Amino acid sequence: MSEERSLNFLEQIIEEDLAKGANGGRVHTRFPPEPNGYLHIGHAKSICLNFGLAQKYNGQTNLRFDDTNPVTEDTEYVDSIKADIKWLGFEWANELYASDYFEQIYNFAVALIKKGLAYVDDSTAEEIAALKGTPTEPGKDSPYRNRGVEENLQLFEKMKNGEFKDGAKVLRAKVDMASPNMHMRDPIMYRIKHAHHHRTGDKWCIYPMYDFAHGQSDSIEHITHSICTLEFVPHRPLYDWFIEKLEIFPSHQYEFARLNLNYTVMSKRKLKQLVEEGFVRGWDDPRMPTISALRRRGFTPASIRTFCDRIGIQKRDNLIEVSLLEYFIREELNRTANRVMVVTDPVKLVITNYPEGQVEELQAENNPEDESAGTRILPFSNTLYIERDDFMENPPKKFFRLGPGNMVRLKYAYIIKCDSFDKDADGNITTIYCSYLPESRSGGDSSGLTVKGTIHWVSAAHAAKAEVRLYDRLFKVDDPNNEEGDFKSYINPDSLQVVENALIEPALASAKPGDRFQFLRKGYFCVDPDTTPEKLVLNRTVTLKDTWAKEAKKG
RNA sequence: UGUCCCAUAGUAUAAUGGUAGUACGACAGAUUUUGGUUCUGUUUGUCUAGGUUCGAAUCCUGGUGGGACAACCA
């Protein structure tokens, strides 16, 4: 904890401000989501940043919904966003909405009209676009640009009163149609939308644009450090222009690079397509990068916070490897998750010299990393199931598991030796016959033998069943955003593999949704909310590191 | 043929004019009743050309490369 960490560029700015005595030593940030979709891990980076900065400097963070577009927004999203932020472990100082300020923002608009800095434009969207110019050519003034103040005031009032149809008129700032910055070419401040708003209902039929609401909302809340992502850099001059002309509290905007993770997509638009076109089962499908999906998959708030902390804050574009996220969840779950034995692809194993019908109750430690986790009872008998790939008929030299004549230890139990096996007509192994060494029992081994491999197992008569959902990366390629053509053509068709009837040891059968386990030698798993009293469902959060899989791949 | 932002190992991130370091990954080894964990070691980097300076990843200039900006979206 006392680890020496250098400051990121935002912390440096804040510390300079604090040293100067700016804002009376106050630090106030905000997290400003639009309630039109679910939060994803990119938002988590922003949440950890905004709330983390305030915590570090004894400040506060507002949660402010940027709800200026009634046609795309909904309270469903408001609720999920709040739940996700709380789950991540943060508390906001105030729950606010840009729509709380509609009256005040309207008055700001009137003030600008009176100063001759805003005008009502009757042009169509197409006409405005045509005069806008391009990044390399200046725009041209609208024919309505020089309307008188009185006329503008009256027209704007009529817009507000619902006297015009959607799209008939807009209110624009009078800045500079020749500016090299497109955002300064008389940006639209207000548009007409006869639409029901999730909070203000039908009170308004004109709504401010993001550019005329966001900065002013920050200013109204006296936000000291308004932190957003890089794509808003060119908006900053406009943000500052409005604050200057309105003579209101000067919030300052600072921009950082958004998070990109490999093997996934992060834009709300693309995630929405995956949901709506059925490529995943919903916003919280554990293959999605949304917060709700990561939660369902079994990631912990701490692992996500640590990840966000360690990826750093910078202004350069980045594509972070998921293996880093996986490292942090493994690191936590290795310390905290109880071990259990589960066989997902079973093959029968009979111990021929173990008495038929005899059952031994073995002691198994729950977590070798945490003695306080205690032990549990594990039933052992002469008929077991082991993992199909723990046996090879013709094993290569480095294979430490079971094969004809080979010995392995059954975890927590005995050393066994493979004597023979049966195959069906297709050549699949159906039963493996072994003999055990009675003196090799775990905890009291006097056999003097050491074996290279230890495998997991379940007792056939005692095993229960569960559905196990194995997840892999959603995309086949590193960076689906930078591939030719439709990003959806790079979806990994094997990203979900459902094992309907995995065999689980009895102790796992009573697990409850949200419980996390390590399946010995397999990975970390979390009980899914689809679980019913009749059916246990588990999601694989992440595999264990598997050096054998790597070795096997080498051939 | 505009404006703005950015450039350090495979990835990410430090070094704030003075020894280029850390994490993840990869590779090799030790330990191990999880081919897990843990431990040890190895590998790989300042985009480029000039300039300033005793000294440049850092400051300046030019180039190169990447990104953003032309929704009545945010």
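If you're wondering where the values come from, they're calculated on a predicted model, not measured in any experiment. The sequence lines fix the lettering, A, B, ..., with proteins before strands; numbering per chain opens at 1.
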I need the CZ-P distance between A:F9 and B:rC5, as an integer number of Å. 13 Å
A:R185 side chain near B:rC69 phosphate (N/O to OP1/OP2, under 4.0 Å): no
Does a side-chain N or O of A:R521 approach OP1 or OP2 of B:rU32 to a distance below 4.0 Å, or not? no
Nearest-Å distance once atom C1' is located in both B:rA28 and B:rG21: 23 Å
Please work out if A:V233 contacts a base, only the sugar-phosphate, or nothing of the nucleic acid, heavy-atom cut-off 4.0 Å. sugar-phosphate
Could you measure between the two P atoms, the one in B:rU11 and the one in B:rG17, and give it in whole Å? 27 Å
Donor-acceptor pair (no angle test) under 3.5 Å: A:R339 side chain, B:rU34 base: yes
Take the protein atom CE of A:M184 and the nucleotide atom C1' of B:rC4, then report the distance between them rounded to whole Å. 13 Å
Pairing donors with acceptors under 3.5 angstrom, does anything connect the side chains of A:Y239 and A:S226? yes
A:H183 atom NE2 is separated from B:rA74 atom C1', nearest whole Å, by 12 Å
Regarding A:L319, tell me which of base, sugar-phosphate or nothing describes its non-hydrogen contacts under 4.0 Å with the strands shown. sugar-phosphate
Of A:D141, A:D121, A:D211, which meets salt bridge (Lys or Arg N to Asp or Glu O under 4.0 Å) against A:R172? A:D121
Which of the following nucleotides, B:rA70, B:rA14, B:rA12, is nearest to the side chain of A:Q314? B:rA14
Just checking, is any N or O donor in the side chain of A:E127 or A:Y144 under 3.5 Å from an acceptor N or O on the other one? no
Would you classify A:Y412 as touching base, sugar-phosphate or nothing, given that sugar-phosphate means primed atoms plus P, OP1 and OP2, and contacts are heavy atoms under 4.0 Å? base
Secondary-structure notation, RNA chain B, from Watson-Crick and G-U pairs under 3.5 angstrom (| other strand): .((((((..((((....[..)))).(((((.......)))))....(((((..]....))))))))))).....
Given the options A:L10, A:D17, A:N50, A:H225 meets side chain to side chain contact (heavy atoms under 4.5 Å, CB included) only with A:D17
For B:rA74, does OP1 or OP2 lie under 4.0 Å from any side-chain N or O of A:T68? yes
Decide, yes or no, whether a salt bridge links A:R64 with A:D218 under the criterion of side-chain N to carboxylate O below 4.0 Å. yes
Under 4.0 angstrom, heavy atoms only, what part of the nucleic acid is A:K268 near: base, sugar-phosphate, or nothing? nothing
Any donor-acceptor pair, under 3.5 Å, between the side chain of A:E551 and the base of B:rG35, if you only look at N and O atoms? no
What interatomic distance, in whole Å, is found between C1' of B:rU44 and the corresponding atom of B:rC27? 11 Å
At under 4.0 Å between heavy atoms, what does A:L520 touch on the DNA or RNA strands: base, sugar-phosphate, or nothing? base
Side chain of A:R316 only, please: which of B:rU13, B:rC24, B:rG36 is the nearest? B:rU13
Between the side chains of A:Y38 and A:E76, does any donor sit under 3.5 Å from an acceptor? yes
Rounded to whole angstroms, how far apart are NZ on A:K545 and C1' on B:rC27? 12 Å
Is there a side-chain contact between A:Y327 and the phosphate of B:rC24, meaning an N or O under 4.0 Å from OP1 or OP2? yes
So, A:K522 and A:E387, do they make that salt bridge, N to O below 4.0 Å? yes
Does A:T454 get its side chain close enough to the base of B:rU34, under 3.5 Å, for a donor-acceptor pair? no
So what does A:F232 touch, heavy atoms closer than 4.0 Å: a base, only the sugar-phosphate, or nothing? base
Could you give the distance separating B:rA12 and B:rU3 at their C1' atoms, to the nearest angstrom? 30 Å
Return the nearest nucleotide to the side chain of A:E73; candidates are B:rA70, B:rU34, B:rA74. B:rA74
Cut-off 3.5 Å, side chains only: do A:D186 and A:Y119 have a donor facing an acceptor? yes
Report which part of the nucleic acid A:S123 touches: base, sugar-phosphate, or nothing (heavy-atom distance under 4.0 Å, all strands). base
Are any of A:K550's side-chain N or O atoms less than 4.0 Å away from OP1 or OP2 of B:rA26? yes
Can you check the distance between B:rU42 and B:rU32, where both ends of the measurement are the P atom (answer in whole Å)? 24 Å
With the side chain defined as heavy atoms from C-beta on, A:D546 is closest, among B:rG2, B:rG35, B:rA12, to B:rG35
Look for any protein N or O under 3.5 Å of an N or O in nucleotides 40-48 of chain B and output each such pair with its distance, or none.
none

A:K452 side chain N/O closer than 4.0 Å to the phosphate oxygens (OP1, OP2) of B:rG35? no
Between B:rG2, B:rC69, B:rG10, which one does the side chain of A:E321 approach most closely? B:rG10
Give me the distance, rounded to whole Å, that separates B:rU58 from B:rG50 when you measure between the P atoms they each carry. 14 Å
Judged by modelled atom types alone, do A:S447 and A:D445 share a side-chain donor-acceptor pair under 3.5 Å? yes
I'd like to know if A:E331 pairs up with A:R335 as an ion pair, taking the criterion as any Lys NZ or Arg NE/NH1/NH2 lying under 4.0 Å from an Asp or Glu carboxylate oxygen. yes
Flag for A:E332-A:T300: side-chain donor and acceptor within less than 3.5 Å: yes
Is any side-chain nitrogen or oxygen of A:K411 closer than 4.0 Å to OP1 or OP2 of B:rG36? no
Does A:K315 have a side-chain nitrogen or oxygen under 4.0 Å from the phosphate oxygens OP1 or OP2 of B:rA68? no
Taking the side chain of A:R409 as heavy atoms from C-beta outward, which of B:rC24, B:rU33, B:rC72 is closest to it? B:rU33
Can a donor-acceptor pair under 3.5 Å be found between the side-chain atoms of A:E326 and the base atoms of B:rG25? no
Base, sugar-phosphate or nothing for A:G443? Non-hydrogen atoms, less than 4.0 Å. base
Across the strands shown, which category fits A:S442 at heavy-atom distances under 4.0 angstrom: base, sugar-phosphate, nothing? base
Any Lys/Arg nitrogen of A:E11 or A:K56 sitting under 4.0 Å from an Asp/Glu carboxylate oxygen of the other? yes
Give one of base, sugar-phosphate or nothing for A:F212, where a contact means two heavy atoms less than 4.0 Å apart. nothing
Can you identify which nucleotide, out of B:rG36, B:rA71, B:rU16, has its nearest atom closest to the A:E369 side chain? B:rG36
Can a side chain N or O of A:Q518 be found less than 4.0 Å away from OP1 or OP2 on B:rU37? no
Check this one for me: any side-chain N or O of A:T136 less than 4.0 Å away from OP1 or OP2 of B:rU3? no
Could you give the distance separating B:rU52 and B:rU61 at their P atoms, to the nearest angstrom? 15 Å
Under a 4.0 Å N-O cut-off, is there an ion pair linking A:E73 with A:R199? no
Give A:L544 one of three labels, base, sugar-phosphate or nothing, depending on what nucleic acid heavy atoms sit under 4.0 Å from its own. base
C1' atoms of B:rA23 and B:rG45, separation to the nearest Å: 15 Å
